[in-house]
Enquirer: 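I am attaching a structure below and will ask some questions about it afterwards.
Remember, it's a predicted structure, so these values are computed and weren't measured experimentally. Reminder, nothing fancy here: chain letters follow the sequence lines and each chain counts from 1.
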Amino acid sequence: MPHITPSLTSAPTRTGGVVTARGLTKRYGDFTAVDGIDFEVAPGESFGFLGPNGAGKSTTMSMIGGVLTRTGGELNVMGLDPDREGPRVRAHLGVVPQQDNLDEEIKVRDNLYVYGRYFGLKRAYLKPKIDELLDFAQLTDKAGERVDALSGGMKRRLTIARSLVNDPQILLLDEPTTGLDPQARHILWDRLFRLKEQGTTLLVTTHFMDEAEQLCDRLIVVDHGRIMAEGSPSELIRDYSTREVLEVRFGSDANAAAAQTLKGLGERQEILADRILIYAGDGEAALAQVLARGLTPVASLVRRSSLEDVFLHLTGRSLVD
Amino acid sequence: MTQARLAVELVPESRPFGALYGRNITAVMQRSWMATKNATWVVIVSGFLEPVLYLASMGYGLGAAIGTVQGPGGVPMSYAAYIAPALLATSAMNGALYDSNNMFFKLNHSKLYRVMLYTSLGPLDVAIGEIIMALLRGLLYALGFMSIAALAGLITSPWALLMIPGAVLIAFSFASLFMGCITFIKRFQQLDWINMLTMPMFLFSATFFPLSVYPQAVQVVIQALPLWHGVDMLRQFAAGQVDSSVLVHLAYFVVMALLGITLATGRLRKLFLR
Ligand SMILES: Nc1ncnc2c1ncn2[C@@H]1O[C@H](COP(=O)(O)OP(=O)(O)OP(=O)(O)O)[C@@H](O)[C@H]1O
Ligand SMILES: [Mg+2]
């Protein structure tokens, strides 16, 4: 698969980004985890990093927070260099790490209180703030419990609530909804949307395309530490996929043979282990052609293109394997 | 809303140690206090009981057979009074050891220090906050032990009151050094290495009998180790026979504490703020 030169990475001209990266690089020995990426996040924007495991998403987040020193390139967060002014940068940040790291030795409410104290916030500010955050996370009735008495999803919500204690201007969310049930995910997306309306800048990593589509104004698709494409979800789908996709299944043994017969159908095809994806402006028409070629799929489905298809096109790999 | 931002703006542009110190040690201590309140008090009580039990069994049991011994400056004292300051010094060390095991947990398992350092706190806040808490516990134990010793009639000189700050200094220095050492340890089993050093130190640092029973070469080794300095210092205070060697002991602990804090701060920075 040849690398597609991303259109926007070469020269973003917009100024006044709250987070700006130029040639941002992180190497571990010989291994390059983040390979010279450029991006700029505007104030109040919701910006996503979409990529598979090991793409370098968390590494990028850590560099923004100033807890991981970059190997090369420039990075600017609210006018500050996170490597040199870590504590000052972090005072503006809310961080939701990929893995919950709550304080299990103290109670739910105290987790929020103490975390606020780490930022030097005063008790008078924290008391009402914590009630508000407990309500936000729907944990008001668990306030007096120890953290180990919470379910996984509750812990996640507490982690997110905790990240808001200092009223951050920028929220770093590393796979925020991992471990949440569908309802909780939607509630969280709604809450994040409200924060965004209040002017908080969101930086979100995810490998769920529905999450990226829901949350992000703009996103970069990353793989092996490089930017593969950049744009809004709809732009990306428009640029890197067709309007519709036809998915046909023939059973795993018959897949390869069917693929031979289907050659040339649609604008593009992806032959996966269990199904064939045919990219076409009109999925139903493509299905008619499949049948016209004498094939009878075990199952077929016409759907709109998603970021998953964009990713498949750009990398030749599925996002969630 | 604005208050948080205000707090942010209060952080000066740049200052010395800006990346190391967030001027917020109390937040670390507050967290530690909350955790202590939730912890099992058994552990805390056992730390207090340990030296008391030693004093009861060795001091009075063994002491009945031994009778009176020669303390600092040739002053005769009961065997219980002779070992009491040594037990206090040891309990200061053991308290610090126990805390360092907790620190290991917070470093490697609960990732607490990582969380702290991902806020506005610096490694110096974390190191000093944790060490001060270890020190306060040392103070509590010292007060408890001293009350028992006083009730048992083992406190005979006003100098003995100096044992309290003395024990706190010992706890402080050990906690600093242990915290520095703990940052190199990766697995639970390796914690026993520290135990393997403290146990013989407890037995041989002139705790139960004077240093003069050893050959000269062994004496030199023991005198290089920290616990002996603690035992000798507290024993001089207990007997009210204080000479200039106390200054050496004090200097030893101050240097040890500074080394420990520098090591711990540097290591925390290296581990988490790469
Ligand atoms: N401390 C480290 N030493 C060496 N390599 C590392 C280290 N941390 C991360 N890496 C490597 O850097 C790459 C990027 O890791 P990163 O955690 O940023 O990926 P990610 O995009 O967040 O993946 P995931 O979706 O699985 O969370 C991976 O290949 C990982 O193995
Ligand atoms: Mg990650």
Enquirer: Hey, could you give me the CG/NZ distance between A/Leu102 and B/Lys111, rounded to the nearest 0.5 Å?
Expert: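 Result: 14.5 Å between the selected atoms.
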Enquirer: Tabulate, in ascending numerical order, the residues of residues 175-203 of chain B having at least one heavy atom closer than 4.5 Å to a heavy atom of chain A, or enter 'none'.
Expert: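 Counting heavy atoms that sit under 4.5 Å from chain A, no residue of residues 175-203 of chain B is involved.
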Enquirer: Between the side chain of B/Asn38 and the main-chain N/O of A/Glu105, is any donor-acceptor distance below 3.5 Å?
Expert: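 Yes; at least one donor-acceptor contact below 3.5 Å.
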Enquirer: Can you tell me how far the CZ atom of A/Arg162 sits from the OG1 atom of B/Thr119, to the nearest 0.5 Å?
Expert: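 Here the interatomic distance stands at 9.5 Å.
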Enquirer: Sub-4.5 Å heavy-atom contacts with chain A: which residues of residues 98-109 of chain B show up?
Expert: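 Hits under 4.5 Å: B/Phe105, B/Lys106.
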Enquirer: I'd like to know whether NZ of A/Lys127 has more than 12 heavy-atom contacts from other residues, nucleotides or ligands below 6.0 angstrom.
Expert: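 Result for NZ/A/Lys127: open.
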Enquirer: Just verifying a value: how many Å separate A/Arg117 CZ and B/Met29 CE, rounded to the nearest 0.5 Å?
Expert: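 Reported value, rounded in 0.5 Å steps: 11.0 Å.
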Enquirer: Taking atom CZ of B/Phe253 as the centre, report whether more than 12 heavy atoms of other residues, nucleotides or ligands fall under 6.0 Å from it.
Expert: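 For B/Phe253, atom CZ is crowded (more than 12 foreign heavy atoms under 6.0 Å).
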Enquirer: With respect to chain B, which residue among A/Asn101, A/Asn111, A/Leu126 yields the maximal number of heavy-atom pairs within a distance under 4.5 Å?
Expert: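 Looking at each of A/Asn101, A/Asn111, A/Leu126 in turn, A/Asn101 comes out on top.
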Enquirer: Determine whether more than 12 heavy atoms belonging to other residues, nucleotides or ligands lie under 6.0 Å from atom CD of A/Gln138.
Expert: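 Yes, because the 6.0 Å sphere around CD of A/Gln138 holds more than 12 heavy atoms from other groups.
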Enquirer: When rounded to the nearest 0.5 angstrom, what is the spacing between CE in B/Met116 and CG in A/Asp103?
Expert: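 So the CE of B/Met116 and the CG of A/Asp103 are separated by 7.0 Å.
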Enquirer: So which atom in A/Tyr115 and which in B/Tyr118 form the shortest heavy-atom distance, rounded to 0.1 Å?
Expert: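 Heavy atoms of A/Tyr115 and B/Tyr118 come nearest at OH-O, 4.5 Å.
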Enquirer: Roughly how far apart are A/Leu93 CG and B/Ser120 OG, rounded to 0.5 Å?
Expert: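 One finds 9.0 Å between CG of A/Leu93 and OG of B/Ser120.
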Enquirer: Between B/Asn24 and chain A, which part of the residue has a heavy atom less than 4.5 Å away: side chain, backbone, both or neither?
Expert: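 Contact with chain A involves the side chain of B/Asn24 alone.
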Enquirer: For A/Glu145, is the CD atom crowded, meaning more than 12 foreign heavy atoms sit under 6.0 Å from it?
Expert: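 It does: A/Glu145 CD has more than 12 such atoms within range.
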